[in-house]
Amino acid sequence: MAGVKPSLAVDLNGVVFPLPVLAAAGCLGTGRDGGGLVDLHRLGGVVTRSLTLHPGKGTSTPRMAETAAGLLTAVGLQNPGVEAFVSEDLPRLVRAGVPVIASVAGASLEEYIRVASFLHSNPGITALEVYLSAPDDERGGGRPFYSHLERIIEVIGSVARLSHIPVFAKLPALLPDLEETAGACVRAGAHGLTLIDGVPGMSVDTAKLRASLSTVIGGLSGPSIRPIALAAVYRVAQAMPDVPIMGVGGIGTGDDAVEFLLAGAWAVQVGTAMLVNPSAPAEIAQGIHRHLKTKGFASAADLRGRLRGNEYAHGHWTGNGEESA
Amino acid sequence: MAGVKPSLAVDLNGVVFPLPVLAAAGCLGTGRDGGGLVDLHRLGGVVTRSLTLHPGKGTSTPRMAETAAGLLTAVGLQNPGVEAFVSEDLPRLVRAGVPVIASVAGASLEEYIRVASFLHSNPGITALEVYLSAPDDERGGGRPFYSHLERIIEVIGSVARLSHIPVFAKLPALLPDLEETAGACVRAGAHGLTLIDGVPGMSVDTAKLRASLSTVIGGLSGPSIRPIALAAVYRVAQAMPDVPIMGVGGIGTGDDAVEFLLAGAWAVQVGTAMLVNPSAPAEIAQGIHRHLKTKGFASAADLRGRLRGNEYAHGHWTGNGEESA
Amino acid sequence: MKRVRAEILNTKRLGAYHSLTLVAPEVADRARPGQFVSVAMPNDRSFMLRRHFSIHQASRRGGWAGTLEFVFDPHGPGTSWLAEAKAHQFLDVIGPLGKAFAYPQKLNNCLLISEGHGSASIYFLAQELRSRGKRVDMLIGAEDQEHVFKPIEGKRLSQTIAIVTEDGSLGERGRIVDMLPTMVDGVNAQVIYAAARRGTLREIADVCAERQIPSQIAVEEQMACGVGMCFTCVVPVIRKDGSGFDNLRACSEGPVFNPARILWDRWMGDEPRMLPTPPEGFPPVRTWPG
Amino acid sequence: MKRVRAEILNTKRLGAYHSLTLVAPEVADRARPGQFVSVAMPNDRSFMLRRHFSIHQASRRGGWAGTLEFVFDPHGPGTSWLAEAKAHQFLDVIGPLGKAFAYPQKLNNCLLISEGHGSASIYFLAQELRSRGKRVDMLIGAEDQEHVFKPIEGKRLSQTIAIVTEDGSLGERGRIVDMLPTMVDGVNAQVIYAAARRGTLREIADVCAERQIPSQIAVEEQMACGVGMCFTCVVPVIRKDGSGFDNLRACSEGPVFNPARILWDRWMGDEPRMLPTPPEGFPPVRTWPG
Ligand SMILES: Cc1cc2nc3c(=O)[nH]c(=O)nc-3n(C[C@H](O)[C@H](O)[C@H](O)COP(=O)(O)OP(=O)(O)OC[C@H]3O[C@@H](n4cnc5c(N)ncnc54)[C@H](O)[C@@H]3O)c2cc1C
Ligand SMILES: Cc1cc2nc3c(=O)[nH]c(=O)nc-3n(C[C@H](O)[C@H](O)[C@H](O)COP(=O)(O)OP(=O)(O)OC[C@H]3O[C@@H](n4cnc5c(N)ncnc54)[C@H](O)[C@@H]3O)c2cc1C
Ligand SMILES: Cc1cc2nc3c(=O)[nH]c(=O)nc-3n(C[C@H](O)[C@H](O)[C@H](O)COP(=O)(O)O)c2cc1C
Ligand SMILES: Cc1cc2nc3c(=O)[nH]c(=O)nc-3n(C[C@H](O)[C@H](O)[C@H](O)COP(=O)(O)O)c2cc1C
Ligand code: FES
Ligand code: FES
């Protein structure tokens with residue numbers, strides 16, 4: 001087996017990517033950006049910046065701050081709007097031949113529906129990914145849609161019902177009942193899940209006595225959240241081994257990606273690492289390839305969930321003593 | 001003002017610590033450990049390892065793994081049990097004159113009650129801190145108590161009702177409705193809150209194809225979680241400015257601690273940093289002192305919530321555009 | 001824009017600053033004043049984002065052909081690491097990045113203003129303007145003598161130069177804005193270029209607006225990627241037609257902007273003087289370069 | 001146990017290993033074989049935990065008085081950083097940590113077994129045993145010649161020595177356990193000491209148990225603090241009275257343990273041969289040192 005050239009293509013129950021490494025939402029711009037440094041031909045797919053119905057200006061700066069092995073950002077859905085995206089940006093991606101997953105956002109259920117309606121029948125788009133961290137204007141308080149399970153189900157259900165193409169629900173790690181939420185998304189019609197979104201985080205400039213971000217709280221990404229993302233993928237994959245999961249959070253090397261595949265991801269997405277190293281996705285795919293060869297696996301899919309049994313782990317996901325006397 | 005020697009003592013609505021920096025639960029052992037490297041006289045207080053009714057053996061090894069700017073651990077509540085703690089370990093801490101906060105754990109509501117009953121009237125103990133990440137054996141599935149709001153309220157309510165001393169509820173960041181949960185704890189009788197516990201995380205040894213920890217998922221601590229802890233403190237402090245909060249998560253320098261005080265913490269706790277640098281708590285207290293002097297604040301309490309207004313932040317804690325056309 | 005492994009040819013201290021010269025012909029060949037490079041950090045650190053530096057020199061000819069120089073004030077983890085980097089070490093560099101300063105077609109008298117490390121790109125610009133036959137005058141500001149970057153070089157490059165330090169340790173005591181009106185009049189400035197701290201840039205912008213002097217400034221905003229992918233580095237810029245504003249990326253749509261088109265109140269959120277977009281839109285901005 | 005800022009006196013390669021000698025009189029004065037030190041990492045890295053190394057030499061007298069040597073195989077971020085550390089640099093060191101090997105009172109013939117970097121502490125032990133008039137024989141194992149630590153030193157310190165490498169590049173080809181029974185008989189071993197990989201230690205433990213030879217082994221377990229505070233480094237050790245077992249901290253209650261008292265199946269979770277605690281408890285362990 002070690003002599004065979006392993007295959008890197010992955011099949012997420014019908015959604016096929018030539019490589020298991022995709023660009024994560026919001027990290028490759030809309031397709032016109034990146035200055036050609038990211039080689040689109042060496043990506044398994046591109047998840048677009050999250051799209052709203054109208055062009056979005058986003059938040060004011062500072063929009064980023066660096067933290068220990070992490071990046072805090074709050075871009076606030078700056079995007080060209082769904083129409084401009086389809087007319088100006090999508091063609092470029094389609095020409096490059098890279099599978100496109102459109103990220104759907106909104107401030108109301110209606111906006112999600114309208115954005116998805118605009119996108120789902122475009123032949124250049126392979127799948128939709130639903131962003132659930134947008135503030136839910138109908139509920140108020142600035143809380144994101146994912147704070148209420150009913151809202152998650154409403155949004156995912158509505159988008160999935162109308163869409164002709166597969167729908168992925170992008171969930172945050174920030175849910176104690178993550179498995180149930182993921183299950184509810186699947187029952188509402190989601191084809192698969194993307195785990196995880198940036199983790200709410202904050203930093204303070206102590207000299208200026210101000211929060212580092214204009215929004216105070218932003219999304220934490222990068223290596224610091226990798227263990228959190230990995231745990232989220234593992235939990236959901238254990239609960240629903242047949243549902244495709246795209247793992248995302250702090251992946252920067254082939255080895256990092258292999259961690260996710262072993263934990264149960266069907267493919268991975270790369271965000272922050274690509275901002276630092278535009279060829280990170282290509283290098284990660286190579287790294288996966290090397291690992292498959294070394295270990296004698298025939299394909300990336302073969303790694304999935306192949307974690308060897310950890311003796312004392314029986315569904316316990318925060319360990320108390322297995323014996324207490 | 002810059003000439004005045006700032007005061008470091010803090011008063012958490014009646015619970016007074018001589019310094020604003022405490023040792024976090026589980027990171028100083030039970031009082032007999034640490035080899036004298038941690039100077040107890042330079043701690044604002046000690047939170048004990050979480051105590052169960054009977055001695056606990058904890059999980060098997062590997063119990064730790066290093067991650068990017070983080071530490072994953074799963075000790076599984078190894079502890080001498082509440083009786084041995086009181087007879088063997090507590091006297092040593094009391095002799096050193098350091099305020100002791102006993103961390104209360106259990107696998108059932110009854111165990112929490114029995115542990116708290118054993119501790120709360122001991123004159124050597126200043127306050128109780130209730131650990132809510134223990135798996136809830138009565139609910140099954142290995143899920144921690146904090147997964148169900150009713151269970152949090154039951155546990156905190158029962159402990160607070162019986163206790164003669166103030167009770168702090170230690171919450172994880174992993175709750176989308178963190179403010180509501182914190183509010184419910186206070187209504188159930190908690191005197192204050194400790195934010196945050198380790199964040200569920202995981203890592204994989206890709207060479208061995210195994211999870212790094214015997215329990216697969218453990219608690220992530222250290223600098224990588226600092227932005228997450230800070231956001232949790234900020235959210236709860238914004239919602240309940242009069243409720244004492246102890247901030248914990250990745251604090252390693254005076255500057256880190258000042259971030260937490262500015263975000264709304266009344267005191268901070270230090271875990272992982274102390275494992276790396278046993279004099280971290282003392283150095284952090286010094287660093288806070290320096291910051292107070294430089295900025296002309298009279299006391300640590302003066303920093304609390306003194307974050308200068310961030311213009312576009314009006315309760316939005318995940319930033320969407322404030323203007324979308 | 002290229003990504004290259006660039007060898008460090010030379011590393012040296014210059015007052016408060018540190019200068020690195022790299023062998024990077026693909027970058028140097030295209031580099032123009034106002035553009036910048038991004039440098040990767042070592043990957044075992046707790047800080048991981050690339051750091052960004054204006055291009056100070058890019059030699060296309062002569063003994064130094066194919067080299068590139070940038071200058072920084074070592075203060076944080078990234079700049080401290082770079083200050084320790086040794087000759088012959090390789091750096092992962094992307095550049096040239098961003099839009100360069102535009103040169104005036106007809107106008108002749110250029111006043112170049114820089115503060116602190118802003119001189120790095122301003123001196124490069126001075127050279128290019130002079131080689132195009134323009135008159136260059138300079139106004140250099142810094143906190144103290146140490147932070148005045150290569151004053152001799154500044155003198156060499158300019159017809160007249162004024163230096164102003166906050167503590168008076170070199171040149172006049174004061175701030176750039178104190179000298180600006182006299183300087184503008186004295187040299188009969190027709191075009192103003194500036195690279196300075198945000199507050200200073202705003203003061204310069206006010207003077208330019210008041211006197212209707214066309215101007216270009218190079219801004220700095222926190223950048224995660226430096227190449228236009230992440231949208232963290234935006235500056236609110238009024239549309240040419242006045243119909244509103246757009247958050248433009250300093251890295252790819254800047255860092256050189258027309259100060260008359262920047263929505264300063266919004267960009268400088270620090271001072272809560274923000275105004276909502278007026279219902280009638282913003283007045284169209286006519287000053288060059290539009 | 002002391003925490004000191006220790007100057008690096010000397011840094012050198014030795015085959016696959018790297019050795020650092022530090023000036024640390026407070027640590028060296030108390031150091032005994034089997035104990036270890038913990039070394040802090042620089043604080044701008046993405047790895048932050050202290051690293052732990054057995055003490056190889058601690059000189060109390062002579063020209064090297066007050067110095068301490070440890071040895072490692074550079075492979076991960078921490079050991080690679082240490083291998084790059086320069087003489088005169090200072091390290092943040094805590095030590096000596098843990099319980100040392102105990103010396104036999106009456107028994108004389110000591111067989112010392114080491115694998116890989118295990119020789120570092122075993123050679124230190126050999127010196128101390130010899131200075132107490134004990135007979136020392138050695139069995140040294142490694143993957144290849146490169147990984148046999150200071151074989152000449154081993155010969156000097158022992159009455160007889162057997163070397164075994166997995167590829168046969170030095171000494172016999174094979175593994176420690178292959179040579180062990182013959183060696184035990186040949187030297188009439190009365191006490192066995194070992195520092196080796198976990199799997200090898202277990203095989204040694206089996207031989208010792210079978211032949212009822214008192215023994216002590218130094219284990220390695222992942223350590224976060226190294227000083228007894230975090231309870232991450234535990235080894236399941238049967239109680240003396242057989243009433244059950246305790247998870248003892250390798251850092252403060254070890255790293256030297258009696259192998260007969262280790263619950264190997266539980267500790268080596270890798271091989272799922274774990275047995276529940278028998279209802280009647282474990283048989284009390286009588287072999288020295290109890
Ligand atoms: C287009 C551009 C050109 C620049 N040119 C120069 C130059 O020629 N010389 C020079 O000394 N500096 C220049 N800077 C600023 C320089 O990038 C920062 O000082 C440097 O990144 C600080 O890194 P640090 O780790 O040493 O410090 P830290 O301040 O600790 O950096 C922490 C984080 O903040 C960011 N950051 C800090 N200061 C700035 C700043 N002023 N602007 C943007 N981001 C910042 C860093 O990129 C990093 O992510 C430029 C910045 C930009 C955007
Ligand atoms: C009591 C004790 C004594 C030791 N003595 C020596 C010695 O004399 N020479 C020597 O070369 N090594 C020794 N080790 C192992 C040494 O500590 C590790 O090899 C080293 O920490 C690896 O660090 P790294 O960053 O280079 O590698 P990595 O393997 O990348 O380290 C990553 C993490 O794993 C931990 N780790 C890795 N390997 C081990 C291991 N085998 N045991 C415990 N923790 C580990 C590290 O501490 C770190 O937290 C000893 C370990 C212990 C516990
Ligand atoms: C600058 C930036 C912008 C992002 N924008 C989006 C977005 O528009 N939609 C979305 O679903 N996720 C967005 N994300 C989150 C990423 O897709 C990803 O989930 C997260 O960053 C974790 O992955 P990483 O650690 O590889 O970056 C953004 C992240 C960054 C850093
Ligand atoms: C080794 C270790 C053991 C811990 N044990 C406990 C515990 O018994 N009870 C508890 O409430 N928290 C425990 N924690 C969590 C810490 O108290 C703290 O909430 C967390 O580590 C985040 O802080 P830090 O980043 O400063 O370590 C433990 C953490 C570590 C690293
Ligand atoms: S820094 Fe990423 S878009 Fe400008
Ligand atoms: S390593 Fe912390 S108790 Fe042993």
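In the text below, chain A, chain B and the rest are named by the order of the sequence lines, each starting its count at 1.
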Below 4.5 Å from any heavy atom of chain B, which atoms of [X] appear? Answer side chain, backbone, both or neither.
X: D:Met223; value: backbone
X: D:Ile94; value: side chain
X: D:Ala224; value: both

Quiz item: Is the charged tip of D:Arg249 near the ring of D:Phe231: under 6.0 Å from the six-membered ring centre and within 45° of its axis?
Solution: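 Judged by the rule (NZ or CZ under 6.0 Å from the ring centre, within 45° of its axis), D:Arg249 counts as positioned above D:Phe231.
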Exercise. Check whether the side chains of B:Ser212 and B:Asp205 place a donor and an acceptor atom closer than 3.5 Å, and report yes or no.
Key: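 Looking only at side-chain atoms, B:Asp205 and B:Ser212 do not form any donor-acceptor pair under 3.5 Å.
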Quiz item: Using a cut-off of under 4.5 Å for heavy-atom pairs, which of B:Ser279, B:Gly222, B:Ala23 has the most such pairs with chain D?
Solution: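 Maximum pair count with chain D is reached by B:Ser279.
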Self-check item: Sequence-distant partners of D:Glu203, salt bridge (charged side-chain N to carboxylate O under 4.0 Å, His left out), two or more places apart
Solution: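 With neighbours one apart ignored, the set is D:Arg175.
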Quiz item: With sequence neighbours excluded, what pairs up with D:Glu221 under the salt bridge (charged side-chain N to carboxylate O under 4.0 Å, His left out) test?
Solution: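 For D:Glu221, the residues satisfying salt bridge (charged side-chain N to carboxylate O under 4.0 Å, His left out) (neighbours in sequence not counted) are D:Arg198.
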